[in-house]
2 protein chains.
Amino acid sequence: MIKENLEKYQIIEDCPVRNVLDRIGDKWSILVISILGELGTLRFNEINSIIGNISQKMLTVTLKTLEADGLVSRKIYPQVPPRVEYTLTELGNSLLPSIATLTQWALKNMSTIKASRERYFKSLSVK
Amino acid sequence: MIKENLEKYQIIEDCPVRNVLDRIGDKWSILVISILGELGTLRFNEINSIIGNISQKMLTVTLKTLEADGLVSRKIYPQVPPRVEYTLTELGNSLLPSIATLTQWALKNMSTIKASRERYFKSLSVK
DNA sequence: CCGCATCCTATTGGATACTG
DNA sequence: CAGTATCCAATAGGATGCGG
């Protein structure tokens, strides 16, 4: 009864789901997508300011990865100093509902989870 | 117009969303939750077999973390050799729809994303 | 059977300095 | 302004061996 489920979950070559989720499962992608989804088009330093504690390097690689995956589009204005704007693509927008569902779940249950963690670690120190 | 959004996204102390999403954003949690969600109660080695390429250590820490967060319950049968069963809690079950939405999005769009990546890296090598 | 402990490697991500 | 390049620290995660 379990045998027939093996193939479904085993990562034979490269699991399609993990292949995609690994990307947005990093430290900043979901946050950047949420911000762009809510505020629309933003410049590099605007995103930087909004997040506040992201390093320039990580914002660069996050945006580059999202651009490579086709979730974010990048528009360069050929002027000095340069102006670069980022916007969600249609594909990026299609991801918003899923992310919203997930973050809402997180918001709703975070206090329960935190309490559970404390209870768990307290029970460990007793043993 | 951006100022009033600052506080919302800046990670002043610890962002509640990231605090929770960091956990399920690791390599195995979503997979384990999906498997338990679909197959119900499973023993340690059953999950191990179904995934196939997970190390024993990582399955242990993944299950322990999910248990600490209250997403998975652990039942020990006091016998030799030991028998330990894992099941989603109600909280764990409540996460299933969100995960399903996300994985369905991933499945639906993975080919598009893969194509986008190839196009992107091909355009890089041209420059 | 179900782990835990240890060691080791690879990857992630931050800090800093520099460029068009 | 919008990056790139380099170095470094922290963490994640795999391999192996042992134990109840």
Side-chain angles (χ1 to χ4, degrees), chain A residues 2 10-11 14-15 18-19 21-32 35-36 41-68 72-87 120-121 123-125 127, chain B residues 2 10-11 14-15 18-19 21-32 35-36 41-69 72-87 120 124 127:
Chain A
I2 286 180
Q10 272 176 3
I11 305 178
D14 57 335
C15 172
R18 263 255 306 276
N19 200 310
L21 294 192
D22 274 357
R23 295 297 188 97
I24 65 164
D26 68 355
K27 193 170 181 182
W28 300 108
S29 291
I30 288 187
L31 186 59
V32 169
I35 290 173
L36 286 177
T41 300
L42 292 174
R43 300 179 62 170
F44 185 90
N45 268 350
E46 288 176 333
I47 307 176
N48 203 346
S49 305
I50 292 171
I51 298 182
N53 63 342
I54 187 174
S55 66
Q56 215 174 23
K57 172 189 166 183
M58 285 317 296
L59 183 54
T60 302
V61 307
T62 302
L63 287 169
K64 280 241 173 300
T65 306
L66 292 175
E67 188 196 358
V72 162
S73 71
R74 183 170 181 270
K75 186 172 183 185
I76 315 166
Y77 294 85
Q79 59 188 39
V80 178
R83 172 188 188 87
V84 183
E85 289 182 346
Y86 294 92
T87 318
Y120 184 82
F121 289 114
S123 76
L124 280 188
S125 56
K127 287 176 186 172
Chain B
I2 284 181
Q10 272 176 3
I11 304 175
D14 57 335
C15 170
R18 263 256 304 281
N19 200 309
L21 293 193
D22 274 358
R23 294 299 186 97
I24 65 164
D26 68 354
K27 195 170 180 182
W28 300 109
S29 290
I30 288 187
L31 186 59
V32 169
I35 291 174
L36 287 178
T41 299
L42 291 174
R43 301 180 60 172
F44 185 90
N45 269 350
E46 287 176 332
I47 307 176
N48 203 349
S49 305
I50 291 171
I51 298 183
N53 62 344
I54 187 175
S55 67
Q56 216 174 22
K57 172 189 168 183
M58 285 316 297
L59 183 53
T60 302
V61 306
T62 301
L63 286 170
K64 279 247 173 297
T65 306
L66 293 175
E67 189 196 357
D69 285 5
V72 161
S73 71
R74 182 169 182 269
K75 186 172 183 186
I76 314 164
Y77 295 84
Q79 58 188 40
V80 179
R83 172 188 187 90
V84 183
E85 289 184 345
Y86 294 92
T87 318
Y120 184 81
L124 280 188
K127 290 175 188 171

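If you're wondering where the values come from, they're calculated on a predicted model, not measured in any experiment. The chains referred to below are lettered A, B, ... by the order of the sequence lines, with proteins before strands, and numbering in each begins at 1.
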- Note on the structure: Whole-Å distance, B:L42 CG to C:dC2 C1', equals 15 Å
Taking distance alone, no hydrogens or angles, what donor-acceptor pairs closer than 3.5 Å link side-chain atoms of residues 60-67 of chain A to residues at least two apart or in another chain?
{"unit_1": "A:T60", "atom_1": "OG1", "unit_2": "A:Q56", "atom_2": "O", "d": "2.8"}
{"unit_1": "A:T62", "atom_1": "OG1", "unit_2": "A:M58", "atom_2": "O", "d": "2.6"}
{"unit_1": "A:T65", "atom_1": "OG1", "unit_2": "A:V61", "atom_2": "O", "d": "2.7"}

- Would you kindly give the CG-to-C1' distance between B:L59 and C:dG3, to the nearest whole Å? 10 Å
- Message: Enumerate the side-chain hydrogen bond (donor to acceptor under 3.5 Å, both in side chains) contacts for residues 74-87 of chain A, please, sequence neighbours excluded, ordered by first and then second residue.
- Response: A:T41-A:T87, A:R74-A:Y86, A:Y77-A:E85, A:R83-A:E85
- Note on the structure: Reading nucleotides 5-14 of chain C from 5' to 3' and marking B where a protein heavy atom lies under 4.0 Å of the base, S where only the sugar-phosphate is that close, and - otherwise, the string is -BB-----BB
- Can you pull out how bent the helix from C:dC1-D:dG20 to C:dG20-D:dC1 is, comparing the axes over its first five and last five pairs, to 10°? 50°
- Item | Phosphate-side-chain proximity, B:R43 and C:dG3, N/O vs OP1/OP2 below 4.0 Å | no
- Could you tell me which residues satisfy salt bridge (charged side-chain N to carboxylate O under 4.0 Å, His left out) with B:D26, sequence neighbours excluded, listed by chain and number? none
- Considering only heavy atoms from C-beta outward, does the side chain of A:L36 approach that of A:I47 to under 4.5 Å? yes
- Message: Under 4.0 Å from a heavy atom of chain B: give me the 5'-most and 3'-most nucleotides of DNA chain D that qualify.
- Response: D:dG13 to D:dG20
- Query: Rounded to the Å, how far apart are B:L63 CG and C:dG3 P?
  - Reply: 8 Å
- Query: Taking DNA chain D as the partner, which of residues 77-87 of chain A come within under 4.0 angstrom of it by heavy atom?
  - Reply: A:P81, A:P82, A:R83, A:V84, A:Y86
- What are the two closest non-hydrogen atoms of B:R43 and B:P82, and how far apart are they? NH2-O, 3.6 Å
